[in-house]
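Below is one structure, written out as structure tokens; comments come after it.
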Amino acid sequence: MSYENVIVENRENVQILYINRPKVLNALNEQTLLEIEAAVKSFAEDTNLSVLIITGSGDRAFVAGADIEAQYPLDAVQGRKWGLLGHRVFTLIETLEKPVIAAINGYALGGGCELAMACDIRLASEKAQLGQPEVTLGITPGYGGTQRLTRLVGPGKAKQLVFTGQRITAIEAHRIGLVDEVYPHETLLEEAIKMAQLIASNAPIAVRYSKVLINQSIQINNDMATTVEAGLFGLCFATQDQKEGMGAFLEKRKPVFQGK
Ligand code: HXC
């Protein structure tokens with residue numbers, strides 16, 4: 001399938017998805033969201049691909065937010081629909097049973113910061129700036145920002161960022177737990193690919209179950225969560241990868257995982 005507003009590039013079993021509207025700093029309009037959705041679904045179905053990296057085209061932005069020109073004329077019913085579309089796409093990324101890394105190569109604002117927060121791991125360039133400036137536009141965050149930001153940085157910092165609408169640097173974002181690593185701008189993508197390849201070298205089913213388990217930790221109580229963890233942990237012993245991983249350790253060699 002060919003896309004207009006996203007570019008897809010494969011590096012062996014790692015896929016890079018570029019949000020590609022550099023003239024408007026990769027702002028998200030409806031078509032872009034639908035193309036992200038289609039690209040993520042096709043990544044999910046491709047058994048040769050293990051890890052997805054999402055980044056922005058050009059040198060300035062990851063995503064500078066949802067498209068303000070597109071949102072300006074909306075009425076309340078259209079606004080709700082617009083919010084639900086973003087939730088659908090971002091929840092798809094969050095719940096996808098393969099890891100997704102955000103390589104934040106510049107501005108990640110509003111819906112852009114929310115897109116990064118829907119990913120599993122956030123790596124940022126030193127040039128990146130993050131923020132939730134929605135209240136400066138007369139709206140609340142609408143693609144999950146009030147929820148995912150609160151979980152990542154706690155209610156106090158989330159309120160500070162959302163109420164002030166101020167942008168923060170990658171270093172500050174790292175300090176408060178909004179991004180996981182910061183790299184020199186030039187090496188960000190290379191580092192993201194390295195991390196993706198490291199993840200891809202591990203047992204795929206075990207990685208997949210780990211994502212499910214970590215995601216559910218914020219949704220259900222501890223008793224239920226540990227019961228589910230024990231279930232999926234147990235299920236790993238039904239995989240060839242478990243025998244391979246532990247067998248390789250005992251035989252002092254490198255494991256070769258088949259995802260079976
Ligand atoms: C539409 C955008 C845009 C956006 C930038 N552009 N962000 N267009 N929607 N979110 C466009 C500009 O209009 C401009 O187009 C071009 O990109 C370059 O941007 P400049 O403003 O000229 O660049 P600069 O002065 O360097 O400032 C960069 C910036 C600023 C600080 C990132 O562009 C900015 O504040 N953008 C808006 C950020 C924001 O508020 N995001 C949240 C959006 S609301 P022209 O044609 O003039 O060259 C949101 C809601 C999510 O995300 C939830 C929805 C349910």
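Whatever order the structure lists them in is the order used to number ligands and atoms, beginning at 1. Please read these numbers as outputs of a predicted model, since none were measured by experiment.
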Taking only non-hydrogen atoms of R60, do any sit less than 4.0 angstrom from ligand 1?
yes
Has E114 got any heavy atom lying under 4.0 angstrom from an atom of ligand 1?
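Checking ligand 1 against E114, which is what was asked, there is a heavy-atom contact under 4.0 Å.
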Any ion pair linking R148 and E114 (charged N to carboxylate O, less than 4.0 Å)?
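Looking at R148 together with E114, the answer is no, because their closest N to O distance does not fall below 4.0 Å.
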Look at D241 together with K260 and state whether they make a salt bridge at an N to O cut-off of under 4.0 Å.
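No, no charged N to carboxylate O under 4.0 Å.
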Might you check, step by step, whether the distance between [atom] and some protein heavy atom is under 4.0 Å?
{"atom": "atom 47 (O) of ligand 1", "value": "no"}
{"atom": "atom 34 (C) of ligand 1", "value": "no"}
{"atom": "atom 25 (O) of ligand 1", "value": "no"}
{"atom": "atom 7 (N) of ligand 1", "value": "yes"}

What about [X]: any of its N or O atoms under 3.5 Å from an N or O on ligand 1?
{"X": "I68", "result": "yes"}
{"X": "L137", "result": "no"}
{"X": "I139", "result": "no"}

Atom indices of ligand 1 within 4.0 angstrom of [X] heavy atoms, with elements:
{"X": "Q71", "result": "44 (S), 50 (C), 54 (C)"}
{"X": "G111", "result": "49 (C), 51 (C), 52 (O)"}
{"X": "R167", "result": "31 (C)"}
{"X": "L109", "result": "32 (C), 38 (C)"}

Region of [X] that comes within reach of ligand 1 [heavy atoms, distance under 4.0 Å]:
{"X": "A27", "result": "side chain"}
{"X": "T136", "result": "neither"}
{"X": "P133", "result": "side chain"}
{"X": "K23", "result": "backbone"}

How far is [atom] from the closest protein heavy atom, and which atom is that?
{"atom": "atom 43 (C) of ligand 1", "result": "A66 O, 3.5 Å"}
{"atom": "atom 53 (C) of ligand 1", "result": "G142 N, 3.5 Å"}
{"atom": "atom 2 (C) of ligand 1", "result": "V24 O, 3.8 Å"}
{"atom": "atom 20 (P) of ligand 1", "result": "L25 CD1, 4.7 Å"}
{"atom": "atom 41 (N) of ligand 1", "result": "A64 O, 2.9 Å"}
{"atom": "atom 55 (C) of ligand 1", "result": "Y143 CE2, 3.3 Å"}

Neighbour count >12 (heavy atoms, 6.0 Å) for atom CD, E244
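Atom CD in E244 is packed in, count exceeds 12.
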Can you confirm whether the side chains of [X] and [Y] place a donor and an acceptor under 3.5 Å from each other?
{"X": "E35", "Y": "N5", "result": "no"}
{"X": "E126", "Y": "Y183", "result": "no"}
{"X": "K81", "Y": "Q78", "result": "no"}

Side chain to side chain donor-acceptor pair (under 3.5 Å) with E134: which residues, sequence neighbours excluded?
Q132
I would like to know whether V179 and V182 meet side chain to side chain contact (heavy atoms under 4.5 Å, CB included); could you show each step before the answer?
CA-CA 8 Å; V179 305; V182 181; 4.0 Å; yes
So T32 and N26, side chain to side chain contact (heavy atoms under 4.5 Å, CB included) or not? Walk me through it.
CA-CA 9 Å; T32 309; N26 304 323; over 6 Å; no
Donor-acceptor pair, distance only, cut-off 3.5 Å: does the side chain of [X] make one with the backbone of [Y]?
{"X": "R122", "Y": "A116", "value": "yes"}
{"X": "D120", "Y": "V100", "value": "yes"}
{"X": "Q71", "Y": "D67", "value": "yes"}

Is the W82 ring parallel, tilted or perpendicular to the Y143 ring (thresholds 30°, 60°)?
tilted
Can you pull out every ring pair (Phe, Tyr, Trp, His ring centres under 6.0 Å) where at least one residue sits in residues 208-238? Sequence neighbours excluded, please.
F233-F237
